[in-house]
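A quick write-up on the structure given underneath.
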Amino acid sequence: MSPNLVSSVLKSAVNLRSSNLPKEIIKSSQAWFAAAPSGGIHQLPNLPYDYNALEPVISAETMVLHHTKHHNTYVTNLNAALEKLDAAMAKGDVSAIISLQGALKFNGGGHLNHSLL
């Protein structure tokens, strides 16, 4: 994915004019999107601790559900949105690119928030 195209997509996705979007955000967002492993597919990261590590505050059952279902849904839907984005960019379909902004923000943000340690 070209850095200029990612920059343009990010600007349209967050509804900001280029002069209002800090270069640090563009750079970090490009790095995050580019950091997807082989083929641009994001994967559910392993937790750096066991599911039962937070008991008794959070049960192992809750952690399994949260990680394998909730976080994984963000990853799955982000990958689907990125596939659609690639297809739209290949066609030059600006309307489709813009229409994906919600899915990219929601699922990309959900995956990123759940990946922070």
Side-chain angles (χ1 to χ4, degrees):
M1 199 177 298
S2 124
N4 290 336
L5 188 52
V6 170
S7 177
S8 298
V9 170
L10 286 170
K11 289 172 191 172
S12 67
V14 295
N15 297 315
L16 293 174
R17 286 178 276 149
S18 60
S19 61
N20 295 340
L21 190 60
K23 292 188 187 318
E24 296 81 26
I25 291 175
I26 294 172
K27 189 175 182 180
S28 66
S29 298
Q30 289 169 343
W32 185 74
F33 277 114
S38 65
I41 297 173
H42 290 269
Q43 296 177 340
L44 182 68
N46 292 324
L47 291 177
Y49 49 84
D50 291 333
Y51 289 127
N52 65 354
L54 302 176
E55 288 184 333
V57 177
I58 301 174
S59 71
E61 181 182 13
T62 299
M63 287 302 299
V64 167
L65 180 66
H66 188 266
H67 183 246
T68 63
K69 301 295 183 191
H70 178 69
H71 184 175
N72 194 47
T73 298
Y74 286 124
V75 174
T76 301
N77 291 337
L78 173 61
N79 286 327
L82 288 171
E83 281 184 34
K84 291 176 184 176
L85 178 62
D86 284 343
M89 290 189 316
K91 294 177 187 174
D93 186 349
V94 176
S95 294
I97 293 170
I98 292 170
S99 73
L100 289 166
Q101 68 182 345
L104 292 168
K105 287 191 299 186
F106 182 77
N107 295 296
H111 174 41
L112 181 62
N113 288 336
H114 283 78
S115 298
L116 298 174
L117 297 176

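If you read the sequence from its start, that first residue is 1, and numbering goes on from there.
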inquiry  = Donor-acceptor check, side chain of His66 to backbone of Thr62, threshold 3.5 angstrom: yes or no?
reply    = no
Over 12 non-hydrogen atoms of neighbours within 6.0 angstrom of CD in Glu61 = no
query = Checking side chain to side chain contact (heavy atoms under 4.5 Å, CB included) for the pair Tyr49/Leu54: CA distance, chi angles, key distance, verdict?
reply = CA-CA 9 Å; Tyr49 49 84; Leu54 302 176; 4.2 Å; yes
query = Got more than 12 heavy atoms from elsewhere within 6.0 Å of CG, Asn113?
reply = yes
ask   = Are the side chains of Leu47 and Met63 in touch, meaning some heavy atoms are under 4.5 Å apart?
value = yes
key: Considering all heavy atoms, the nearest Leu100-Lys84 contact   = CD1-C, 3.7 Å
query = How many angstroms lie between CG in Leu78 and OG1 in Thr73, if you round to the nearest 0.5 Å?
reply = 12.0 Å
inquiry  = Please determine whether residues Leu65 and Tyr51 belong to a single hydrophobic cluster, defined as Ile, Leu, Val, Met, Phe, Trp and Tyr linked transitively by side-chain heavy-atom distances below 4.5 Å.
reply    = no
query = Taking only residues two or more places apart in sequence, or in another chain, which ones meet Leu44 in a side-chain contact (heavy atoms from CB on, under 4.5 Å)?
reply = His67, His71, Asn72, Val75
inquiry  = Membership question, hydrophobic clusters at under 4.5 Å side-chain separation (ILVMFWY): are Tyr74 and Leu104 in the same one?
reply    = no
message = On a heavy-atom basis, which atom in His111 and which in Gln43 lie closest, and how many Å separate them?
response = CE1-O, 3.7 Å
task = Would you sort out whether Asp93 and Ile97 count as a side chain to side chain contact (heavy atoms under 4.5 Å, CB included), showing the intermediate values?
result = CA-CA 6 Å; Asp93 186 349; Ile97 293 170; 5.6 Å; no
request  = Keeping the roles fixed (side chain from Asn52, backbone from Ala60), state whether a donor-acceptor pair exists under 3.5 Å.
outcome  = no
message = Closer than 3.5 angstrom, by distance alone: can the side chain of Ser99 be matched with the main-chain N or O of Ala96 as a donor-acceptor pair?
response = yes
